[in-house]
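Below is one structure, written out as structure tokens; comments come after it.
Predicted model only: the values in this text are computed from it and were never measured. The sequence lines fix the lettering, A, B, ..., with proteins before strands; numbering per chain opens at 1.
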Protein chains: 2
Amino acid sequence: MAVDHDSGDYVYEQVAAILRERIADGTYRAGRVMPSARTLSQELGVSIGSVKHAIELLRAEDLVETRIGRGIVVRSNVLPR
Amino acid sequence: MAVDHDSGDYVYEQVAAILRERIADGTYRAGRVMPSARTLSQELGVSIGSVKHAIELLRAEDLVETRIGRGIVVRSNVLPR
DNA sequence: ATGCATTTGTTCGTATGTATG
DNA sequence: GCATACATACGAACAAATGCA
């Protein structure tokens, strides 16, 4: 799964979908930190702002929690609803 | 030489230029540590992040090396090319 | 040897400016 | 005018390494 800049879908939604998938399939495990926003932005070829926007969505879903100086921590591998 | 926030040039490039100048003129000497990133940020009126960005550039040029807990060590007073 | 301050390294949070549609 | 997207810049919290008392 990759980000398509020419798709009509928002970049931050595409990033959020990719991260949800990786959480659901166990690529990123509960209780551990996932790659940093900077790393993700480089890997996915999008701006750091778009990654942070995506992370905000996951945080609103209680899928992750974020800690300054620590990283993005996965809360659960079970997606909501 | 001072940082100009309204100049079109990037702050971190301006900081790098200032530090290169100080190395070249012997203000900071080879084999010794220069002021810490925090001190430089206060002196120059820029964020610590911008100083660290500038230091990354100097490190890429092998002008300095950095050591956690020690500081920023000048490697040579001769600027590349 | 133990603790503490200093320092760089990493990370997220926020604001701002520019460009685009 | 407005929202998206990107990049720079600044700030704060945390981690790890170093040196010293």
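When the C1' atom of C:dT20 is taken as reference, atom CG of A:Asp6 falls 14 Å away, rounded to whole Å. Rounded to an integer number of Å, the gap from A:Glu56 CD to C:dG13 C1' is 9 Å. In this structure, CD of A:Glu65 is placed 13 Å from P of D:dC14, rounded to the nearest angstrom. Separating the CZ atom of A:Arg59 from the P atom of C:dT11 is a distance of 18 Å, rounded to the nearest angstrom.
The CG atom of A:Leu63 lies 9.0 Å from the CG atom of A:Asn77; values are rounded to the nearest 0.5 Å. Atom CD1 of A:Ile23 and atom CG of A:Leu58 lie 5.5 Å apart (nearest 0.5 Å). We find the CG-OG1 distance between B:Leu44 and B:Thr39 to be 10.5 Å, quoted to the nearest 0.5 Å. To the nearest 0.5 Å, atoms CD1 (B:Ile55) and CD1 (B:Ile72) are separated by 4.0 Å. Between the CZ atom in A:Arg70 and the CD atom in A:Glu65 there is a gap of 8.5 Å [rounded to 0.5 Å]. For the atom pair B:Leu19 CG and B:Gln14 CD, the distance stands at 12.0 Å (nearest 0.5 Å).
Of the residues in residues 10-18 of chain A, those lying under 4.0 Å from DNA chain D by heavy-atom distance are A:Tyr10, A:Val11, A:Tyr12. Looking at residues 66-76 of chain A, you'll see A:Thr66, A:Arg67, A:Ile68, A:Gly69, A:Gly71, A:Ile72 sit with a heavy atom under 4.0 Å from some atom of DNA chain C. A heavy atom lying under 4.0 Å from DNA chain C marks the following residues of residues 33-55 of chain B, by number: B:Ser36, B:Ala37, B:Lys52.
Minimum interatomic distance between A:Ala54 and A:Val15 (heavy atoms only, all atoms of both residues): CB-CG1, 3.6 Å.
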Discussion item. Let's go through B:His53 and B:Val11 carefully: what are the C-alpha distance in whole Å and the side-chain angles of both, what is the deciding distance for side-chain contact (heavy atoms from CB on, under 4.5 Å) to 0.1 Å, and is it a yes or a no?
Written reply: CA-CA 9 Å; B:His53 196 156; B:Val11 169; over 6 Å; no

Discussion item. Let's go through A:Val51 and A:Arg38 carefully: what are the C-alpha distance in whole Å and the side-chain angles of both, what is the deciding distance for side-chain contact (heavy atoms from CB on, under 4.5 Å) to 0.1 Å, and is it a yes or a no?
Written reply: CA-CA 8 Å; A:Val51 173; A:Arg38 180 188 187 80; over 6 Å; no

Practice prompt. Run the numbers on A:His5 and A:Val46 for side-chain contact (heavy atoms from CB on, under 4.5 Å), then give the verdict.
Written response: CA-CA 9 Å; A:His5 280 77; A:Val46 302; 4.0 Å; yes

Worksheet item: What do the steps show when you test B:Arg29 against B:Val74 for side-chain contact (heavy atoms from CB on, under 4.5 Å), and what is the final call?
Response: CA-CA 6 Å; B:Arg29 304 217 215 98; B:Val74 180; over 6 Å; no

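OP1 or OP2 of D:dC6 lies within a sub-4.0 Å distance of a side-chain N or O belonging to A:His5.
Annotation: salt bridge (Lys or Arg N to Asp or Glu O under 4.0 Å) contacts involving residues 11-28 of chain B, sequence neighbours excluded, comprise B:Arg20-B:Glu61, B:Arg22-B:Glu43.
Axis orientation changes by 0° from one end of the helix from C:dT2-D:dA21 to C:dG21-D:dC2 to the other, with each end axis drawn from 5 pairs and the value rounded to 10°.
Remark: B:Tyr28 engages no residue in a ring-ring contact (aromatic ring centres under 6.0 Å, His included) (not counting sequence neighbours).
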